[in-house]
Amino acid sequence: MDKRVRVRFAPSPTGGLHLGGVRTVLYNYLFARAHGGDFVLRIEDTDQTRFVKGAEEYILECLKWCGLIPDESPVVGGPYAPYRQSERKSMYKEYALQLINSGHAYYAFDTTDELEQMRKDLKTDEHSSVQYDHNTRTKMRNSLTLPADEVSELIAKGIPYVIRIKVPENQTIIFNDMIRGAITFDSNLVDDKVLLKADGMPTYHLAVVVDDYLMKITHAFRGEEWLPSAPVHLLLWEYLGWIGDMPQWAHLPLILKPDGNGKLSKRDGDRLGFPVFAMNWYDPAKDETTGGFREMGFLPQAFVNMLAMLGWNSGTEQEIFSMEELIQKFSIERVHKGGAKFDFEKAKWFNNQYIQQTDNITLAALALPYIKEKGCNPDGDFLVKVVALIKDRCTLLPDFWAQGHFFFATPETIDEGAFKDKWNEPKQQFFSSWINELNSLSDWTDVAIEESAVAHLPAFSLKKGDIMLPLRVMLVGGKYGPGVYHIAELIGKAETIARIQKVLAMLA
RNA sequence: GGCGCGUUGGUCAAUCGGCUAAGACGCCUCCCUUUCACGGAGGAAUGACGGGUUCGACUCCCGUACGUGCUACCA
């Protein structure tokens with residue numbers, strides 16, 4: 001008896017795909033999969049002035065990267081095509097007209113200037129924002145105030161008009177939100193939203209309702225910023241005679257700035273040094289690129305997992321979930337009501353967790369581009385060994401270079417300061433002498449190298465601890481990295497000796 | 001200004017009337033490691049505030065404060 005579950009993600013192609021957007025997709029996707037339903041992607045490109053070329057392709061690519069593939073979309077099509085609202089333009093007017101005929105909508109001929117004037121004139125200290133509603137519509141030029149013949153004359157003459165919804169007076173509009181429960185609005189405070197614009201395109205308000213109906217959407221999840229316009233949508237479902245088919249709503253909490261207040265925006269990312277978009281976004285109009293999580297070195301699984309936990313949790317202590325587990329355990333009812341401040345440190349922690357649980361061969365392939373970018377092209381098996389050794393200190397993919405560059409190339413800079421004040425003659429002599437010993441070492445393993453060093457130390461009255469730091473800096477360039485002898489083993493005999501000699505020469 | 005939504009440590013958060021208020025991130029201390037990291041052991045909340053209801057409230061109700069969203073022929 002129950003209808004097949006159908007959900008949708010309906011972005012407008014105006015720019016990069018924001019964290020919050022991806023999370024909305026994710027929750028939609030998880031819900032659809034959990035219920036054996038369909039996940040559709042619908043492009044809401046009704047505002048031609050804000051349309052950005054390439055944005056749609058970018059969104060598709062983001063979804064692909066995240067593994068959130070729609071079942072129906074402008075590219076793969078589907079039974080309810082087209083999936084771009086601009087291509088559905090002709091469908092909307094019919095419904096707007098239907099609303100006019102039933103008395104729930106009307107034509108309005110007010111120009112932008114007239115609207116502005118009205119808002120200015122009626123503005124008071126108490127009401128800083130005046131809306132076009134049951135109160136003001138009687139003072140404007142519309143089919144409610146104008147004689148019928150004049151209205152048809154204006155239309156016949158091609159005078160631009162919009163169609164507005166006629167919001168009823170003194171009604172309480174109630175609807176149930178899957179996350180927030182019952183939400184109540186006073187219809188007197190709801191304005192007569194434009195449904196059909198002068199250019200013939202629908203506004204979001206008409207388009208969502210018509211398309212959700214036509215596409216048989218059963219559950220509509222969207223950002224909390226839509227809550228205030230929900231009563232308009234509700235009224236539309238009712239007036240169009242579709243109320244029985246209205247989807248169940250869930251308004252998702254906002255993702256907020258880590259510091260200060262407000263919604264997280266692209267600017268905050270730039271300012272605080274972390275991405276806000278899923279992938280790099282190039283804005284052709286401004287000729288600038290905004291960084292994304294993908295390019296910063298996040299694994300898509302970690303990114304998705306992190307997003308899932310931002311506003312939802314399973315009620316257990318588990319934080320790491322595979323997509324399959326998320327599908328199984330996610331429930332919209334457990335989504336938080338309050339907005340969450342985005343914490344980039346926690347995001348990085350998720351990535352580190354995924355790096356640790358990824359096998360070294362896969363990891364080597366993921367790290368390789370970042371190493372090639374620096375001009376090195378290590379052998380595959382060698383890279384896998386290096387990855388195994390340094391992965392626990394890597395959080396983002398580029399860290400494989402930062403933490404392992406000395407495996408692929410001789411360090412360019414040497415942090416002499418790290419050991420120079422304790423450098424002395426015996427140490428100088430030890431290293432000069434020891435490299436000869438190393439040269440004849442047949443068993444080149446970390447254990448053998450260490451044994452060789454330990455055996456050679458007493459002759460110079462030195463202890464193991466005396467040479468550890470200098471040796472490390474000689475091989476690595478700084479005070480970091482895995483075990484020194486292990487590094488020596490991996491970079492090989494010739495390179496080890498060469499690096500020691502090089503620094504010795506510098507110090508002489 | 002109006003309306004909507006929210007409010008548990010710095011952050012994400014568990015708790016759905018019994019709390020000595022989980023856990024994670026981050027931070028700090030110590031251990032391990034003669035590097036760094038990992039790992040291990042610890043440290044830090046008078047549950048925004050004020051009233052109710054109740055044997056008992058972080059949990060329910062009301063008010064206040066604060067935050068946030070909307071208030072376009074943008075979504």
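The basis for the numbers below is simple: all heavy atoms, side chains too, and nothing from hydrogens, waters or symmetry mates. Chain naming here is simple, since letters A, B, ... match the order of the sequence lines and numbering starts at 1 in each. Every value quoted in this text rests on a predicted model; they were computed, and no experiment measured them.
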So, does A:Lys479 get its side chain near the phosphate of B:A37, meaning an N or O under 4.0 Å from OP1 or OP2? no
To the nearest Å, give me how far apart CG (A:Leu389) and P (B:U35) are. 16 Å
Remember a base hit wins even if backbone is also touched, and classify A:Ser129 as base, sugar-phosphate or nothing at under 4.0 Å, heavy atoms. base
Against the side chain of A:Glu225, the closest entry in B:C73, B:C70, B:A13 is B:C70
Using a heavy-atom cut-off of under 4.0 Å over every strand shown, decide if A:Lys464 touches base, sugar-phosphate, or nothing. base
Donor-acceptor check, side chain of A:Asp399 to backbone of A:Thr395, threshold 3.5 angstrom: yes or no? yes
Check this for me, if you would: do A:Glu224 and A:Lys337 make a salt bridge, where the nitrogen-to-carboxylate-oxygen distance has to be below 4.0 angstrom? no
Which residues pass the side-chain hydrogen bond (donor to acceptor under 3.5 Å, both in side chains) test with A:Glu56, not counting sequence neighbours? A:Arg84
For the pair made of CD in A:Glu44 and P in B:C73, what is the distance, rounded to whole Å? 18 Å
Gap between atoms NZ and P, on A:Lys266 and B:A75 respectively (whole Å): 21 Å
From the list A:Phe350, A:Phe330, A:Trp312, ring-ring contact (aromatic ring centres under 6.0 Å, His included) with A:Phe321 holds only for A:Trp312
With a 6.0 Å cut-off (strictly less than), is the heavy-atom count around NZ of A:Lys463, excluding the residue itself, greater than 12? no
Would you say a side-chain N or O of A:Asn313 is under 4.0 Å from OP1 or OP2 of B:A14? yes
Distance check needed: B:U11 P versus A:Met306 CE, whole Å only. 18 Å
At a cut-off of 3.5 Å, list every protein nitrogen or oxygen paired with a nitrogen or oxygen from nucleotides 58-63 of chain B, distance to 0.1 Å.
none

Using heavy atoms to find the nearest nucleotide of RNA chain B for A:Gly478 and A:His205 separately, return the residue whose nucleotide is more 5′. A:Gly478
Neighbours of RNA chain B within residues 480-487 of chain A, by heavy-atom distance under 4.0 Å: A:Tyr480, A:Gly481, A:Pro482, A:Gly483
Of the options B:U35, B:A37, B:U11, whose atoms approach the side-chain atoms of A:Lys341 most closely? B:U11
Check: A:Lys391 side chain, A:Thr358 main-chain N or O, donor-acceptor pair, under 3.5 Å: yes
Quick one: does any side-chain atom of A:Gln98 pair with a main-chain N or O of A:Lys93 as donor and acceptor, under 3.5 Å? no
Those residues at least two apart in sequence (or on a different chain) that pass side-chain hydrogen bond (donor to acceptor under 3.5 Å, both in side chains) with A:Glu57 are none
Exactly one of A:Leu30, A:Thr24, A:Val25 should register a side-chain contact (heavy atoms from CB on, under 4.5 Å) with A:Asn28. Which one does? A:Thr24
Let me know the distance between CG of A:Asp177 and P of B:G69, rounded to the nearest Å. 18 Å
Close N/O contacts between protein and nucleotides 23-29 of chain B (under 3.5 Å):
from	atom 1	to	atom 2	distance (Å)
B:A24	O4'	A:Glu319	OE1	3.2
B:A24	O2'	A:Glu319	OE1	2.6
B:A24	O2'	A:Lys346	NZ	2.7
B:A24	N3	A:Lys346	NZ	3.3
B:C25	OP1	A:Trp349	NE1	3.2
B:C25	O2'	A:Lys346	N	3.4

Taken to the nearest whole Å, NE2/A:His251 to C1'/B:A75 is 13 Å
Output every pair passing side-chain hydrogen bond (donor to acceptor under 3.5 Å, both in side chains) with a member in residues 405-414 of chain A, not counting sequence neighbours, ordered by first then second residue. A:His405-A:Tyr480, A:Thr410-A:Glu495
Take the protein atom NZ of A:Lys348 and the nucleotide atom P of B:A37, then report the distance between them rounded to whole Å. 14 Å
Indicate, with a heavy-atom threshold strictly under 4.0 Å, whether A:Ala340 touches base, sugar-phosphate, or nothing. sugar-phosphate
For A:Arg271, enumerate each residue passing the side-chain hydrogen bond (donor to acceptor under 3.5 Å, both in side chains) test, keeping only those at least two apart in sequence or located in another chain. A:Asp259, A:Asp268
Give a yes/no answer on whether the side chain of A:Lys197 brings an N or O atom under 4.0 Å of OP1 or OP2 in B:C74. yes
Can you classify the ring geometry of A:His251 versus A:Trp249 as parallel (below 30°), tilted (30 to 60°) or perpendicular (above 60°)? parallel
When the P atoms of B:C25 and B:G39 are considered, how many whole Å apart are they? 8 Å
side-chain hydrogen bond (donor to acceptor under 3.5 Å, both in side chains) against A:Lys346, all qualifying residues, sequence neighbours excluded: A:Glu319
Taking the basic N atoms (NZ, or NE/NH1/NH2) and the acidic carboxylate oxygens, is any pair closer than 4.0 Å for A:Lys123 and A:Asp121? no
Classify the nucleic acid contact of A:Arg334 as base, sugar-phosphate or nothing, counting any heavy atom under 4.0 Å across all strands shown. sugar-phosphate
A:Lys166/A:Asp192 ion pair, N-O < 4.0 Å: no
Check A:Lys479 with A:Asp415, please: is the shortest side-chain N to carboxylate O separation under 4.0 Å? no
Which ones in residues 408-423 of chain A lie close to RNA chain B, meaning a heavy atom under 4.0 Å from one of its atoms? none
With a 4.0 Å cutoff (strictly under), does any side-chain N or O of A:Arg42 reach OP1 or OP2 of B:A75? no
When you measure from the side chain of A:Leu189, which nucleotide among B:U34, B:A75, B:G2 comes out closest? B:G2
Nearest whole Å is fine: how far is B:U71 P from A:Leu115 CG? 15 Å
Need one value for A:Asn188: base, sugar-phosphate or nothing, where a base atom within 4.0 Å counts as base even if backbone is also close, heavy atoms only. nothing
Keeping to residues at least two apart or across chains, list the salt bridge (Lys or Arg N to Asp or Glu O under 4.0 Å) pairs with something in residues 107-116 of chain A. A:Glu114-A:Arg141
Hey, is the side chain of A:Thr46 poking within less than 4.0 Å of OP1 or OP2 on B:A75, counting only N and O atoms? yes
Specify whether A:Trp226 and A:His205 have parallel, tilted or perpendicular ring planes, treating 30° as the upper limit for parallel and 60° as the lower limit for perpendicular. perpendicular
Of the nucleotides B:A75, B:C12, B:C73, which one has an atom closest to the side chain of A:Val162? B:C73
Donor-acceptor pair, side chain of A:Arg164 and main chain of A:Tyr132, under 3.5 angstrom: no
RNA chain B: 5'-proximal contact among A:Asp191 and A:Asp186 (nearest heavy atom): A:Asp186
Using Watson-Crick pairs (N1 to N3, plus N6-O4 or O6-N4) and G-U wobble pairs, both distances under 3.5 Å, which stems of at least 3 pairs involve RNA chain B? B:1-7 with B:65-71, B:10-12 with B:23-25, B:27-31 with B:39-43, B:48-52 with B:60-64
Give me the ring orientation class for A:Phe298 and A:Phe293: parallel if the planes are under 30° apart, tilted from 30 to 60°, perpendicular past 60°. perpendicular
Within the sub-3.5 Å range, which N or O atoms of nucleotides 4-7 of chain B have a protein N or O partner, and how far apart are they?
from	atom 1	to	atom 2	distance (Å)
B:C5	O2'	A:Arg180	NH1	2.5
B:C5	O2'	A:Glu224	OE2	3.3

Within 45 degrees of the ring normal and closer than 6.0 Å to the centroid, is that where the cationic atom of A:Arg42 sits relative to A:Phe9? no
